[in-house]
Number of protein chains: 2
Amino acid sequence: MARGSFREQLLRVREDAIIESVNRLLAEKGFDLMTVDEVAADVGIAKASLYKHFASKEALAAAAMVRVLRKSAEVVAAQPADARAIDKLRAVTRWALQVQLAGEMPTLPSQNSSLRAELLGSAAYTDLLMQVSDELGAWIERAQADGDIEPALPGELVLYTLFARACDPVPGFLKAGGRFDDAQIVDMVLGTCFDGLRRRPERAS
Amino acid sequence: MARGSFREQLLRVREDAIIESVNRLLAEKGFDLMTVDEVAADVGIAKASLYKHFASKEALAAAAMVRVLRKSAEVVAAQPADARAIDKLRAVTRWALQVQLAGEMPTLPSQNSSLRAELLGSAAYTDLLMQVSDELGAWIERAQADGDIEPALPGELVLYTLFARACDPVPGFLKAGGRFDDAQIVDMVLGTCFDGLRRRPERAS
DNA sequence: GTCTATAAATCGATAGAC
DNA sequence: GTCTATCGATTTATAGAC
């Protein structure tokens, strides 16, 4: 499809700037503490102008979530087709941890009902979420068949456990401690996620 | 020390009722979505009366956190002295997961600064937190010496990983799925926490 | 200490001029 | 579409009678 008129492109660029601000503020303070005034000030436009682009605060958050889901889908798609499923899962999880440590992972409260309604009502959101879940789910089954992930674990458990790394508080705590750099933190959390806390007997790679 | 006059005991009972309500509302909706009006209505007293007992909304939340920390310290103290360190760590983590699944684990946003200030300013909170952390930390070192926890892992990482189970979103997701009961969920999450997702070779118990 | 009533501040959302 | 100005609702916190 065409990229649209010059005017439409300008609109698109502005909306990207808005979503970028929302994304960062959502990562910093969360949905409840983020105010629309703040978003407007951060973008550099008036609040009323913001509402010409997005109908509500919930719509702003939903747009940021769609954006991060789209990036996730890109990361998933970028994995080499011939790589082992377990390595692809590790790579995507690693990416999520890096984004979170960079302070760019928007996090939503799982309790806010108005926000849940807005998200579940957005096909762009639910479709992307299902797409990413399906692709990761296929990798999980493959990794279990490969003997790389414990076959006795339900696929849901594995999927949720990986998704949860995006809002894991452990990386932030470790970073606050100041004893480790981001790369070390990512490696350590990835390690506890896949290998657990227990001492492992050495294994064939 | 004496239990105080009858009047003081009544006061104590009422404050316990308040903290009980706050604890449940905090678990249900989180700090930001919990309103003081709601707490007052739930306890069955007027909001102004609530402020005679606690100086602010933050003080209410802090009292609930002190309460759950006290319970944690009790659970820690209740572990048999001759048990293996790894089993004691598992038992305490299991307890935290059960409380969370029961909807009784108060959760605080790590971003709210006014709340952070109130908590860090409360000696009752920080002292208990340090006490529990120290006791768990000693068990972690012991479990590493026993060869039950990977000795290469920093103690901080293990401690934070266990603490994080109290606000892990995975149990809630699994419960929402409806395919597992609470006991199964606790066992599965405990398993991924200590043993990871990877397929493990069978081990000597 | 408990109540009713209200102050004081914040926030989401909108009106209306340009 | 962008702005200024403001509404209406919500929320924390308090005043003052009893």
Side-chain angles (χ1 to χ4, degrees), chain A residues 4-19 21-22 25-26 28-65 106 108-109 111-119 121, chain B residues 4-19 21-22 25-26 28-64 108-109 111-119 121:
Chain A
S5 69
F6 180 67
R7 221 186 178 83
E8 280 166 352
Q9 284 186 48
L10 271 187
L11 193 99
R12 184 64 175 264
V13 166
R14 167 142 303 180
E15 291 193 348
D16 277 350
I18 294 173
I19 298 177
S21 283
V22 170
L25 289 171
L26 232 38
E28 263 180 40
K29 333 179 63 175
F31 181 77
D32 296 323
L33 264 58
M34 178 188 82
T35 70
V36 178
D37 293 80
E38 207 169 13
V39 175
D42 193 73
V43 179
I45 61 175
K47 183 165 55 169
S49 306
L50 247 185
Y51 276 95
K52 296 287 182 180
H53 292 276
F54 298 92
S56 67
K57 184 185 179 184
E58 284 79 10
L60 280 172
M65 293 309 294
L108 297 185
Q111 301 120 336
N112 193 316
S113 53
S114 68
L115 187 51
R116 275 189 70 85
E118 177 92 19
L119 281 165
Chain B
S5 69
F6 180 67
R7 220 187 179 85
E8 281 166 351
Q9 284 186 46
L10 271 186
L11 193 99
R12 184 64 174 265
V13 167
R14 168 141 301 180
E15 291 193 348
D16 278 349
I18 294 173
I19 297 177
S21 283
V22 170
L25 289 171
L26 232 38
E28 262 180 40
K29 334 178 62 176
F31 181 78
D32 297 323
L33 265 58
M34 178 188 82
T35 70
V36 179
D37 294 80
E38 206 169 13
V39 175
D42 193 75
V43 179
I45 62 176
K47 182 166 53 170
S49 306
L50 208 62
Y51 276 94
K52 297 284 183 181
H53 291 275
F54 298 92
S56 67
K57 183 185 179 183
E58 284 79 11
L60 279 172
L108 297 185
Q111 301 120 336
N112 192 316
S113 55
S114 68
L115 187 51
R116 275 190 72 84
E118 178 92 18
L119 257 75

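Computed from a predicted structure; not experimentally measured. Chain identifiers are assigned alphabetically (A, B, ...) following the order of the sequence lines, protein sequences preceding nucleic acid strands; residue numbering begins at 1 within each chain.
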- request: Step by step, work out the side-chain contact (heavy atoms from CB on, under 4.5 Å) result for B:His53 and B:Leu60.
  value: CA-CA 9 Å; B:His53 291 275; B:Leu60 279 172; over 6 Å; no
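- Atom-to-atom, NZ of A:Lys29 to C1' of C:dT10 comes out at 13 Å; the value is rounded to the nearest Å.
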Using a cut-off of under 3.5 Å, enumerate the N/O to N/O pairs linking the protein to nucleotides 1-3 of chain D.
unit_1 : atom_1 : unit_2  : atom_2 : d
D:dT2  : OP1    : A:Arg14 : NH1    : 2.5
D:dT2  : OP2    : A:His53 : NE2    : 3.1
D:dC3  : OP2    : A:Ala46 : N      : 2.5
D:dC3  : OP2    : A:Ser49 : OG     : 2.9

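- Between B:Ala64 and B:Leu26, the shortest heavy-atom distance links the atoms CB-CD2, 4.0 Å.
- Rounded to an integer number of Å, the gap from CG of A:Leu33 to P of C:dT10 is 14 Å.
- Close to C:dA13, at under 4.0 Å from its OP1 or OP2, lies a side-chain N or O of A:Tyr51.
- Residue A:Met34 contributes atom CE, which lies 18 Å from atom P of C:dT10 at whole-angstrom precision.
- Screening A:Val13, A:Asp42, A:Val43 for a side chain to side chain contact (heavy atoms under 4.5 Å, CB included) involving A:Ile18 leaves a single residue, A:Val43.
- Within residues 112-119 of chain A, no residue has any heavy atom closer than 4.0 Å to DNA chain C.
- Applying the salt bridge (charged side-chain N to carboxylate O under 4.0 Å, His left out) test to every pair with at least one member in residues 45-59 of chain A, sequence neighbours left out, gives these pairs: A:Asp37-A:Lys47.
- Between B:Asp37 atom CG and C:dT4 atom P there is a gap of 12 Å when expressed in whole angstrom units.
- For B:Asn112 against B:Phe31, the heavy-atom pair with the smallest separation is ND2-CE2, 3.5 Å.
- Rounded to whole angstrom, the span from the NZ atom of A:Lys57 across to the P atom of C:dG12 amounts to 4 Å.
- Here the closest heavy-atom approach between residue A:Ala46 and residue A:Ala40 is recorded as C-CB, 4.0 Å.
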